[in-house]
**Student:** 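Quick one: structure below, then a few questions.
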Amino acid sequence: MRDTRDLHDPRDIRLVVLDMAGTTVADGGLVERAFEAAAAELGVRAGSADHAEKLDYVRATMGESKISVFRHLFGDEDLARRANSAFEKAYGGLVDGGLVAPIPGAREAIEELAADGRTVVLTTGFARVTQDAILDALGWRDLVPLTLCPADAGGRGRPFPDMVLEAFLQTQAADDVRRIAVVGDTSYDVLTGVRAGAGLVAGVRTGAHGDTEFRAAGATHVLDSVAELPALLNGGG
C-alpha cells in the first residue's frame, strides 16, 4: 500500500545530510586560527584594518566553501589558491595536533539514525585532504557510508545545493528530495538544504550562527544540538 503521509513528516526522512565542523565536530575556533596562516601567506598584517575586515568576512561566511571565501577576499585566482593552500595546511596541522573532538552526542546520534534505517552523509566546505584528516582524528572513517566535500560535487560548495543533491544521487536512499534532512550550524547549511528542496532543514546552536540567521535562511527547525535529531525524526518534536 502506498504511504499517504505528508512527505514533510519527519518520520519519513530517509537521508540525513550533516555538516561537520560546528555541527558534528567541535573545532574550537580553528577556522580563525587557520585563517591567520592564510592571511600571513598573502601579506595581510595582523592588527590592520584589512585583516580585521577579512576576518569579519570569514566569520560571516562560516559554512561556505573555503576556496570561494578566498576568491572573494583576494579576487585573483592564484592568490585565492595560495591562501586556501595555506589555510588547509594550517587547519590540518591543528587537527593532527588533537584539537578537534566530536560534538557531545554526535557519534551516538549518527549511529542511532543508522540503526533506525536512515542513511547519513557527512559534508564539509573544506578540501578533501582536510576532511579526511578530521575523519582520521576522530576515528570516523567507517562511521558513515559517504562523505562529501565541494570537489566531490563538481566544485561548488555551500550555499549551492550540489552536495546535498550529490548525496541524494549517490546513496539512492530516498525517492524524493522531501525525504532528505539537512542539518548544520550556519545559515549557509540551511540555505543549501532549502535550495535542494529538503523536507527538513535544521540549524543547530553549537557553531557559528544562531536562531535569527537560521530562520532568515529558511530553517524548518532549530535544535540545541545534533544529539536531538534522532528524537525529532522519530516524531518526538
**Student:** Going by heavy atoms in the side chains, are Thr119 and Pro145 under 4.5 Å from each other?
**Tutor:**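 SC-SC contact between Thr119 and Pro145 confirmed.
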**Student:** So how far is it from Gln170 CD to Leu148 CG, rounded to the nearest 0.5 Å?
**Tutor:** 6.0 Å
**Student:** Once ring pair (Phe, Tyr, Trp, His ring centres under 6.0 Å) is applied, what residue pairs with a partner in residues 30-51 remain, sequence neighbours excluded?
**Tutor:**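 Every ring pair (Phe, Tyr, Trp, His ring centres under 6.0 Å) pair that includes a residue of residues 30-51, provided the two are not neighbours, is Phe35-His51.
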**Student:** Please identify which of these residues, Met163, Gln131, Lys66, meets the side chain to side chain contact (heavy atoms under 4.5 Å, CB included) condition with Pro150.
**Tutor:** Met163
**Student:** Looking at residues at least two apart in the chain, or sitting in another chain, which of them share a side chain to side chain donor-acceptor pair (under 3.5 Å) with Arg14?
**Tutor:**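 None.
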**Student:** Does Thr123 reach the side chain of Met20, with side-chain heavy atoms less than 4.5 Å apart?
**Tutor:** no
**Student:** Can you name the closest pair of heavy atoms from Val17 and Ala167 and give their distance?
**Tutor:** CG2-CB, 4.0 Å
**Student:** Taking only residues at least two apart or on different chains, which pairs with a member in residues 200-220 satisfy ring pair (Phe, Tyr, Trp, His ring centres under 6.0 Å)?
**Tutor:**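 Counting only pairs at least two positions apart or across chains, no ring pair (Phe, Tyr, Trp, His ring centres under 6.0 Å) contact touches residues 200-220.
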**Student:** Taking salt bridge (charged side-chain N to carboxylate O under 4.0 Å, His left out) as the definition, give me every residue that meets it alongside Arg82, ordered by chain and number, with sequence neighbours left out.
**Tutor:**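 Salt bridge (charged side-chain N to carboxylate O under 4.0 Å, His left out) check on Arg82 returns Glu41.
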**Student:** If we check side chain to side chain contact (heavy atoms under 4.5 Å, CB included) with Ile134, which of these qualifies: Val25, Leu122, Leu30?
**Tutor:** Val25
**Student:** Not counting sequence neighbours, list each pair that qualifies as a ring pair (Phe, Tyr, Trp, His ring centres under 6.0 Å) and has a residue in residues 147-183.
**Tutor:**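 Counting only pairs at least two positions apart or across chains, no ring pair (Phe, Tyr, Trp, His ring centres under 6.0 Å) contact touches residues 147-183.
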**Student:** According to side chain to side chain donor-acceptor pair (under 3.5 Å), who are the partners of Arg45, at least two apart in sequence or on a separate chain?
**Tutor:**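 With sequence neighbours excluded, Arg45 shows a side chain to side chain donor-acceptor pair (under 3.5 Å) to no residue whatsoever.
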**Student:** Identify all side-chain donor-acceptor contacts of residues 92-112 below 3.5 Å with residues at least two apart in sequence or on another chain.
**Tutor:**
residue: Arg107; atom: NE; partner: Glu111; partner atom: OE2; Å: 3.0

**Student:** Judged by atom type as modelled, is there a donor-acceptor pair below 3.5 Å linking the side chain of Thr220 to the main-chain atoms of Val201?
**Tutor:**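 Checking the backbone N and O of Val201 against the side chain of Thr220, a donor-acceptor pair under 3.5 Å is found.
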**Student:** Return yes if some donor-acceptor pair links the side-chain N/O of Asp176 with the main-chain N/O of Arg178 below 3.5 Å, else return no.
**Tutor:** yes
**Student:** What is the distance from atom CD1 of Ile67 to atom OG of Ser85, rounded to the nearest 0.5 Å?
**Tutor:** 9.5 Å
**Student:** Side chains of residues 69-77: which donor-acceptor pairs under 3.5 Å do they make with residues two or more places apart or in other chains?
**Tutor:**
residue: Arg71; atom: NE; partner: Glu77; partner atom: OE1; Å: 2.9
residue: Arg71; atom: NE; partner: Glu77; partner atom: OE2; Å: 3.4
residue: Arg71; atom: NH2; partner: Glu77; partner atom: OE2; Å: 3.1
residue: Asp76; atom: OD2; partner: Asp78; partner atom: N; Å: 3.0
residue: Asp76; atom: OD2; partner: Leu79; partner atom: N; Å: 3.0
residue: Glu77; atom: OE2; partner: Arg81; partner atom: NE; Å: 2.9
residue: Glu77; atom: OE2; partner: Arg81; partner atom: NH2; Å: 3.1

**Student:** Are the charged groups of Arg141 and Asp132 less than 4.0 angstrom apart, N to O?
**Tutor:**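 Looking at Asp132 together with Arg141, the answer is yes, because their closest N to O distance falls below 4.0 Å.
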**Student:** Can you tell me if Glu36 uses its side chain to pair, donor with acceptor, with the backbone of Arg33 under 3.5 Å?
**Tutor:**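 No, Glu36 side chain to Arg33 backbone: no donor-acceptor pair under 3.5 Å.
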**Student:** Can you name the nearest heavy-atom pair linking Leu113 to Pro230, along with the distance?
**Tutor:** CD2-CA, 4.0 Å
**Student:** State which residues pass side chain to side chain donor-acceptor pair (under 3.5 Å) with Thr147; sequence neighbours excluded, sorted by chain then number.
**Tutor:**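 Testing Thr147 for side chain to side chain donor-acceptor pair (under 3.5 Å), a comparison that skips the adjacent residues, returns Arg128.
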**Student:** Look up atom OG in Ser68 and atom CG in Asn84, then write down how far apart they are to the nearest 0.5 Å.
**Tutor:**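 Taking OG in Ser68 and CG in Asn84, the distance rounds to 9.0 Å.
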**Student:** Quick one: salt bridge (charged side-chain N to carboxylate O under 4.0 Å, His left out) partners of Asp162, sequence neighbours excluded?
**Tutor:**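 Applying salt bridge (charged side-chain N to carboxylate O under 4.0 Å, His left out) to Asp162 gives Arg156.
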**Student:** Can you list every salt bridge (charged side-chain N to carboxylate O under 4.0 Å, His left out) pair that touches residues 214-229, not counting sequence neighbours?
**Tutor:**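 Those involving residues 214-229 are Arg205-Asp224.
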**Student:** Among residues two or more places apart or on two chains, list those pairs meeting salt bridge (charged side-chain N to carboxylate O under 4.0 Å, His left out) that have a residue in residues 180-197.
**Tutor:** Arg158-Asp189
**Student:** For Ala196 and Val164, which heavy atoms make the closest approach, and how far apart are they?
**Tutor:**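 Closest approach of Ala196 to Val164, heavy atoms only: CB-CG1, 3.6 Å.
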**Student:** Looking only at atom types and distance, does a side-chain atom of Thr186 sit under 3.5 Å from a main-chain N or O of Thr61, one as donor and one as acceptor?
**Tutor:** no
**Student:** Distance from Leu200 atom CG to Leu232 atom CG, nearest 0.5 Å?
**Tutor:**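 If I round to the nearest 0.5 Å, the distance is 5.5 Å.
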**Student:** Measure the CG-CD distance between Asp27 and Glu32 for me, rounded to the nearest 0.5 Å.
**Tutor:** 9.5 Å
